[in-house]
Amino acid sequence: MDPVNSFVLAPIGELHLPPDAHPTKGALMRQTSRLAKAGVVVEGGIVSFVGSAAGAISHAPRLDRIDLGKFLVTPGLIDCHTHLSWAGNRADEFVRRSLGETYEQIAAAGGGILASARAMEAIAIEELTASIVARCDLLADLGTTTIESKCSYGLTPEASLKELRAIQDAAAQADQTVVTTYMGAHAIPSGETREQFIKTLLETMIPAASKTSRFNDVFCEEGAFDVEESRTILEAGIRHGMRPKIHSDEFNALGGTEMAVSLGAVSCDHLLQVTESGIRALASGNSVAVTLPGTALYLDKQYADARRLIDSGCAVALGSDFNPGSCQIPSMAFAMGLAVSKMGMTPEEALTAATVNAAAAIDEPSGTLSIGERADICVWPCSHLEEMIYEFAFIRPQMVFVAGERVV
Ligand code: NIG
Ligand code: FE
């Protein structure tokens, strides 16, 4: 009998792998490797061989072999930016935007994030947990093998603890690896002053969240938190062992990207309005530039200039930003298609952005399918990467493996 989670994938029509630098910056992002008649061996959920089909078969002649001669194989896709944990829905806002109101106007009128915060306070933890698990299952079907989820709608100490617990419980049930980012600093709850809320964040919510969250995030934007407030909030996270992340330059360039890079942020996300100085900071610093084209599509905003970010030497990643308000688009393949059609990326850069650079944006060692790495793998029903991108609106993987276990 074969050892658990051990098998040979051979022959593979096209094995397409990103570079293995975590992260890969600038021009190197398109240096992917494309292998025809390839083979991969997985032993005990870990990649033990990558190379030719013949090499794979002779490396492990006794293991079961899966013939993928007509298929594209990539590392599992990594979604480095979601707000998977939400309650209720905001379909009404989608319709209001179609009639002319903007996302910012709806938020200023008490909808938006505050509407989701009210729903978060009301939901029972069991229902919240079940809905997060269901969304993880949906993402597995779409080929996402590692998920970052923010805890971002619980804006009171109680609601935020409930939300953190639900994410932990869901992570234990989900097939994928789930990494938590704390984002109490998403909006100022109604009925509280900004001073009061920031004090509660610093003294109560961030210390509590640091027990289960790897990162601390802030929405640095007009109507949310300014640059100095964002700095204070991120520094508090650092003191509690959480590396910073930031939502910056989404609607207005305030200087949050530059500030977060100077604090050693793991990533700066959105960047629709990123300035030349923000780009320079990202290119010379260690923060990954996370682009979220689904949000630009969903809110009908201009796209982040990924072409310019890459040509300036930044490490660019992709995320879905799947959330109840600004983006109901869960598919990373869809994000890759938008990256190519709307942001000027090549298919190779989109693959790098959705795998190794997305892993770097959440400090995960995976995403390259190299020897010794966890066997997170997608098998796509097409023969080349270009075909996967071209079919972005409907393509779903044929098989998905997480740590060598078939989940789809
Ligand atoms: O990443 N920009 C702020 N936060 C989320 C959306 C939150 C919401 O609208 O619920 C985002 O787009
Ligand atoms: Fe977000």
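We count ligands from 1, going down the list as the structure has it; atoms in each ligand are counted the same way. Along the sequence shown, residues are numbered consecutively beginning with 1.
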Please name the atom of His83, limited to N, O or S, that comes nearest to the Fe ion (ligand 2).
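The His83 atom nearest to the Fe ion (ligand 2), restricting to N, O or S, is NE2.
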
N, O or S atom within His247 nearest to the Fe ion (ligand 2), by name:
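Output for this pair reads NE2.
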
How close do Gly294 and Ile329 get, counting heavy atoms only, and between which atoms?
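Heavy atoms only, the tightest pair is O-CD1, 3.7 Å.
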
Locate the shortest heavy-atom distance separating Ser48 from Glu43; write the atom from each residue and the value.
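Closest approach of Ser48 to Glu43, heavy atoms only: OG-OE2, 2.6 Å.
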
Atoms of ligand 1 less than 4.0 Å from [X] heavy atoms?
X      : result
Asp321 : 1 (O), 11 (C), 12 (O)
Tyr103 : 6 (C), 7 (C), 8 (C), 9 (O)
His81  : 1 (O)
Glu250 : 2 (N), 3 (C), 12 (O)

Report yes if some N/O of His270 lies less than 3.5 Å from some N/O of ligand 1; otherwise report no.
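N/O-N/O distance below 3.5 Å exists for this pair.
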
Flag the pair [X] and [Y] as a salt bridge only when some basic side-chain nitrogen lies within less than 4.0 angstrom of an acidic carboxylate oxygen.
X      : Y      : value
Glu121 : Arg118 : no
Asp363 : Arg243 : yes
Lys301 : Glu250 : no
Arg308 : Glu276 : yes
Glu192 : Lys199 : no

Identify the protein heavy atom lying closest to [atom], giving its residue, its atom name and the separation to 0.1 Å.
atom                    : value
atom 12 (O) of ligand 1 : Ser326 OG, 2.6 Å
atom 5 (C) of ligand 1  : His83 NE2, 3.5 Å
atom 10 (O) of ligand 1 : Tyr153 OH, 2.6 Å

Check if Trp86 has a non-hydrogen atom at a distance under 4.0 Å from any atom of ligand 1.
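Outside the 4.0 Å threshold, so no.
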
Determine whether the side chain, the backbone, both or neither of Glu221 has a heavy atom under 4.0 Å from any heavy atom of ligand 1.
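The answer is neither.
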
Heavy atoms only: which of Glu93, Lys150, His186 lies closest to atom 4 (N) of ligand 1?
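Heavy atom nearest to atom 4 (N) of ligand 1 belongs to His186.
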
With under 30° as parallel and over 60° as perpendicular, where do the rings of His186 and His247 fit, or are they tilted in between?
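Aromatic pair His186/His247 classed tilted.
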
Name the orientation class of the two ring planes belonging to His81 and His270 (parallel below 30°, tilted from 30 to 60°, perpendicular beyond 60°).
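Because their plane-to-plane angle is over 60°, the rings of His81 and His270 count as perpendicular.
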
